[in-house]
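Report on the structure given below.
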Amino acid sequence: MASAANLRNKTPIIVAGPTGVGKTAFAVELANRLDGEILGADAYQVYRGMEILTAQPDHESRSAVPHHLIGFLSPAEPFDAAHFVTLAREKISKILARGKLPIITGGSGLYIKALTHGLVDRPPGSSSLRSELAELSTHQLRERLGKLDPDAKVDIHNPRRVVRALEISILTGRPASELHRDWQTKATPGFRGLLLVRERAELSARIAENVRGMFERGVVAEVGRIPELGPTAAMAIGLREIQALRRGELSQSECVDAVTLSTRRYVKRQLTWFRNQFMFEIIDLTGLRDTHEIPPRALEFLGAA
RNA sequence: GGGUAGGUACCGAAGUGGCCAAACGGGGCGGACUGUAAAUCCGCUGGCUUACGCCUUCAGUGGUUCGAAUCCACUCCUGCCCA
């Protein structure tokens, strides 16, 4: 049982981890025990009408504990890390004002980092500029960047990065590299961070099962009902594969396999980010089902044992 | 039983006497990331080694050759065709 003193600790908790580890169930249980409210830190769960595809918490969870920043945005709308930070800060202070504990849960590493460390003040993306730059070849992009920002530290093999650096330089009239500032530390003062992990084989098995479940619950129909996809929502894992299925270019089982594979590869990138960007307390959930079990180690770390 | 095409690293697939530890793709693993991040990009991937390098590989065995994944013989296995 949590002691009265520990219940009074309202330092926001971050529950990070790769897709499929069991963040959702874990966070709900934590919220129950510590009188918390859940704040999604997920770039895709923000979208309305994509509940199954983005594995949003179910009704049971959502009626048990208040959830924020989940399923509130039209898929037609773009979304980004800065937008997330603004909304999240607002929500966090409201939750605290209510005397509740904010529990930030999600798999979008950049969003969490932006929340804990802040983003450098740079202009937001410009869709018109981006589509204009998209016309250029890699070589042309590098050439332009070389003129505008000769000291650019961006990965020149990565067109996405080059485009963003160019975008910043063009919009501000100053070299993008001049506006850069390193994130100095992995520490996250003001937050208590947990990184949920599981053995890779178990995680893969869970992902395969989750993807099968998505199809059983009707993702294909859900995708068909999305009225309009904006630039951000269109990149959700599984979307392209399911659209291919709907066009008859993929069989159901090929589609399931493809989505499972994309998800597994995403998990690798998530783990790389979380391992190397933060110093969160690692909580191994291997062997635990999505019950209401919270490993003692996690409770100790949170001072709630 | 006869014919025929094959058996290459985790998988698919090039290579057909030295430039081969073996192209390329997939997968796997690792990494990067500051307003698209479920995105985008990079590296490694037989063993030992920091590296030079050494060792063991191309179904198996035995040959030919200075030298074989590559040529020859036999054996085993697989696909297809004919009986």
Side-chain angles (χ1 to χ4, degrees), chain A residues 16-20 23 40-47 50 52-56 75 77-88 106-131 133-134 138 141-142 152-168 171-172 176-186 200-201 203-204 207 210-211 214 219 223 229-242 257-278:
Chain A
T19 297
K23 294 187 292 294
D42 195 295
Y44 289 79
Q45 287 186 359
V46 297
Y47 290 113
M50 296 172 67
I52 302 172
L53 185 71
T54 64
Q56 294 176 25
E77 297 292 325
F79 198 63
D80 61 55
H83 192 172
F84 167 77
V85 171
T86 305
L87 296 177
S108 295
L110 176 64
Y111 284 23
I112 295 175
K113 189 84 176 189
L115 175 64
T116 58
H117 288 69
L119 291 169
V120 168
D121 186 30
R122 296 158 128 188
S126 153
S127 55
S128 59
L129 187 51
R130 281 175 185 178
S131 53
L133 293 172
T138 315
L141 287 172
R142 285 179 196 172
K153 287 176 290 184
V154 291
D155 174 5
I156 59 166
H157 296 291
N158 192 336
R160 197 79 146 223
R161 291 271 139 63
V162 177
V163 165
R164 167 97 267 243
L166 268 175
E167 183 178 61
I168 294 165
L171 260 25
T172 62
S177 55
E178 229 176 66
L179 300 169
H180 186 83
R181 183 193 78 225
D182 283 337
W183 275 325
Q184 295 295 347
T185 169
K186 295 181 178 184
R200 202 61 74 84
L203 195 53
S204 297
I207 287 164
N210 290 164
V211 173
M214 276 166 41
V219 240
V223 167
L229 281 166
T232 312
M235 290 185 299
I237 283 179
L239 208 50
R240 288 172 207 160
E241 293 88 340
I242 291 170
D257 288 349
V259 175
T260 303
L261 179 62
S262 313
T263 308
R264 218 189 299 135
R265 308 222 296 167
Y266 169 49
V267 160
K268 278 179 55 61
R269 281 175 268 133
Q270 286 179 300
L271 286 169
T272 298
W273 181 275
F274 288 128
R275 278 191 297 234
N276 300 323
Q277 295 286 330
F278 300 107

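Throughout, protein chains are lettered first and strands after them, A, B, ... in sequence-line order, and every chain is numbered starting at 1. Every heavy atom of this structure was used, including side-chain atoms; hydrogens, water molecules and symmetry mates were not.
- Residue contacts for A:Glu241: at a heavy-atom cut-off of 4.0 Å it reaches no nucleic acid atom on any strand shown.
- On a pure distance criterion of 3.5 Å, no polar donor-acceptor pair joins the side chain of A:Lys268 and the base of B:G28.
- When the P atom is used for both B:C74 and B:C10, the distance is 30 Å, rounded to whole Å.
- Note on A:Thr232: every side-chain N or O is 4.0 Å or more away from OP1 and OP2 of B:U36.
- Going from atom OG1 of A:Thr54 over to atom CE of A:Met214 covers 9.0 Å, rounded to the nearest 0.5 Å.
- With a cut-off of 3.5 Å on both Watson-Crick or G-U wobble distances, the partner of B:C52 is given as none.
- When heavy atoms are screened at a 4.0 angstrom cut-off, A:Asp182 is found touching base atoms of the nucleic acid.
- Side-chain contact between A:Leu141 and A:Leu133 is present, with at least one heavy-atom pair separated by less than 4.5 Å.
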Restricting to nitrogen or oxygen on both sides, can you table the protein-nucleotides 9-12 of chain B pairs closer than 3.5 Å?
none

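- Taking the C1' atom of each, B:A9 and B:A69 are spaced 12 Å apart, rounded to whole Å.
- Residue contacts for A:Phe84: at a heavy-atom cut-off of 4.0 Å it reaches no nucleic acid atom on any strand shown.
- With both pairing distances under 3.5 Å, B:C41 is matched to B:G31 as a Watson-Crick or G-U wobble pair.
- Side-chain contact between A:Asn210 and A:Thr263 is absent, with no heavy-atom pair separated by less than 4.5 Å.
- Residue A:Leu179 is classed as having no contact, given no heavy-atom separation below 4.0 Å to the nucleic acid.
- When the P atom is used for both B:G31 and B:G25, the distance is 22 Å, rounded to whole Å.
- A:Pro231 comes within 4.0 angstrom of no nucleic acid atom, judged by non-hydrogen atoms across all strands.
- In the set B:U36, B:G27, B:G31, the nucleotide with an atom closest to the side chain of A:Asn276 is B:G31.
- If you check B:G1 for Watson-Crick or wobble pairing at under 3.5 angstrom, you find it paired to B:C82.
- Using a 4.0 Å heavy-atom distance criterion, A:Gly238 is classed as making no nucleic acid contact.
- The side chain of A:Val163 sits closest to B:U36 out of B:A38, B:G31, B:U36.
- Nucleotide B:C76: paired with B:G7 (Watson-Crick or G-U wobble, both distances less than 3.5 Å).
- By the 4.5 Å heavy-atom criterion applied to side chains, A:Tyr47 and A:Thr232 are counted as neighbours.
- Heavy atoms of A:Leu53 sit under 4.0 angstrom from at least one base atom.
- Phosphate contact (OP1/OP2 of B:A37, side-chain N/O of A:Gln270, threshold under 4.0 Å): absent.
- For the atom pair A:Leu87 CG and A:Phe79 CZ, the distance stands at 5.5 Å (nearest 0.5 Å).
- The shortest distance between the side-chain N/O atoms of A:Tyr44 and the OP1/OP2 oxygens of B:A38 is not below 4.0 Å.
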Kindly give the atom pairs (protein nitrogen or oxygen, nucleotide nitrogen or oxygen) under 3.5 Å for nucleotides 41-45 of chain B.
unit_1 : atom_1 : unit_2   : atom_2 : d
B:C41  : O4'    : A:Asn158 : ND2    : 3.0
B:C41  : O2'    : A:Asp155 : OD2    : 2.6

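- In this structure, A:Glu167 contributes its side chain and A:Arg130 its backbone to no donor-acceptor pair below 3.5 Å.
- With rounding to the nearest 0.5 angstrom, the CZ atom of A:Phe278 is 10.5 Å from the OG1 atom of A:Thr185.
- The closest side-chain heavy-atom distance from A:Arg142 to A:His157 is below 4.5 Å.
- Of the P atoms belonging to B:A22 and B:G6, the separation is 25 Å, rounded to the nearest Å.
- Distance from the side chain of A:Gln45 is smallest for B:A38 among the nucleotides B:G35, B:A32, B:A38.
- Of the candidate nucleotides B:G35, B:A38, B:G30, B:A38 has the atom nearest to the side chain of A:Ile237.
- Atom name P, nucleotides B:C11 and B:G46: the rounded distance is 13 Å, in whole Å.
- The same atom, P, is picked in B:C55 and in B:A21; the two are 11 Å apart, to the nearest Å.
- Residue A:Ser108 places at least one side-chain N or O under 4.0 Å from the OP1 or OP2 atom of B:A38.
- Nucleotide B:C66 has B:G18 as its partner under the Watson-Crick or G-U criteria, with both atom distances under 3.5 Å.
- The gap from the C1' atom of B:C44 to that of B:G35 amounts to 32 Å, rounded to the nearest Å.
- A gap of 33 Å separates the P atoms of B:G1 and B:U57, to the nearest Å.
- Using a 4.0 Å heavy-atom cutoff across all strands shown, A:Thr54 reaches at least one base atom of the nucleic acid.
- Listed nucleotides: B:G27, B:A37, B:U36. Nearest to the side chain of A:Arg264: B:G27.
- In terms of position on RNA chain B, the residue among A:Thr19 and A:His180 whose nearest nucleotide sits closer to the 5' end is A:His180.
- Counting non-hydrogen atoms under 4.0 angstrom, A:Ala114 reaches nothing in the nucleic acid.
- An OP1 or OP2 oxygen of B:G27 is reached within less than 4.0 angstrom by a side-chain nitrogen or oxygen of A:Arg265.
- At B:G28, none of the side-chain N or O atoms of A:Arg200 fall inside 4.0 Å of OP1 or OP2 (strictly under the cut-off).
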